[in-house]
Amino acid sequence: MNTNSVMIMLFCSITLVSAAYAEEVGSVDTKFKMLGPDHKIVIEAFDDPKIEGITCYLSRSKKGGLKGMVGLAEETSDAALSCRQVGPIHQTSELKEGERVFSESRSLVFKKLQVVRFFDKKRQTYIYLAYSDRVIEGSPQNAISTVPIQPWASQ
């Protein structure tokens with residue numbers, strides 16, 4: 001098996017894992033493309049895998065056109081993040097500071113959008129940070145969201 005085949009299989013597996021992890025809530029077109037899909041802003045939701053009761057909403061750009069359609073376009077580092085308590089908070093396993101809770105490829109191989117979690121013990125608040133990194137040089141663009149632990153009234 002040649003190197004190109006391995007790289008394509010690796011990219012496809014990363015894309016499939018990311019797509020299964022976040023659920024698309026909606027999108028809006030931002031630029032018409034004659035060939036291929038339009039450029040858009042996509043909103044996705046994902047649940048924290050180790051903390052029941054917290055859902056994060058992530059919006060980011062998605063390139064269209066022919067390169068975007070086949071997964072060859074390099075996406076921007078822009079992202080917005082909003083995490084909320086959506087039920088009683090219950091930790092399902094041990095947490096690590098700066099642990100990745102979401103990751104998605106933003107280029108063929110070298111760029112990823114990541115969301116990591118921290119916990120502020122003093123204020124009893126979970127902190128989520130979204131940022132892009134690249135093998136050689138990352139981006140300082142980032143977004144942050146906090147979820148203070150609150151009692152949840154059963155309905």
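Hydrogens, waters and symmetry mates are skipped; everything else that's a heavy atom, side chains included, is used.
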Evaluate the side-chain proximity of R117 to E97: yes if any heavy-atom separation is below 4.5 Å, no if none is.
no
Got more than 12 heavy atoms from elsewhere within 6.0 Å of OH, Y57?
no
Determine, using the 4.5 Å side-chain heavy-atom cutoff (strictly less than), whether V115 and L95 are members of one ILVMFWY cluster.
yes
Is any side-chain heavy atom of Y128 closer than 4.5 Å to one of V147?
yes
Main-chain N/O of E94 paired with K50 side-chain donor or acceptor, under 3.5 Å:
yes
Give a yes or no answer on whether the side chain of S27 reaches the backbone of V42 with a donor-acceptor pair at less than 3.5 Å.
no
Any side-chain heavy-atom pair of F118 and E99 under 4.5 Å
no
Roughly how far, to the nearest 0.5 Å, is CD1 of I127 from SG of C83?
11.0 Å
Do D78 and S61 have a side chain donor and acceptor closer than 3.5 Å?
no
So do the side chains of S145 and R84 get within less than 4.5 Å of each other, counting heavy atoms only?
yes
Quick one, Q91 and E52 - any side-chain contact, counting heavy atoms below 4.5 Å?
no
Main-chain N/O of Q150 paired with Q85 side-chain donor or acceptor, under 3.5 Å
yes
Can you confirm whether T55 sits close enough to D48 that some side-chain heavy atom of one is under 4.5 Å from a side-chain heavy atom of the other?
no
Determine, using the 4.5 Å side-chain heavy-atom cutoff (strictly less than), whether F46 and V25 are members of one ILVMFWY cluster.
no
Taking atom types as modelled, is there a side-chain donor on D120 or Y126 under 3.5 Å from an acceptor on the other?
no
Could you tell me if the side chain of I144 sits less than 4.5 Å from the side chain of L81, heavy atoms only?
no
Would Y131 and L113 count as a side-chain contact (heavy atoms from CB on, under 4.5 Å) if you check the C-alpha gap in whole Å, the side-chain angles of each, and the deciding distance to 0.1 Å?
CA-CA 6 Å; Y131 69 98; L113 172 64; over 6 Å; no
Got a second to check how far I43's CD1 is from K40's NZ, nearest 0.5 Å?
12.0 Å
Same cluster (ILVMFWY, side-chain, under 4.5 Å), I41 and L58
no
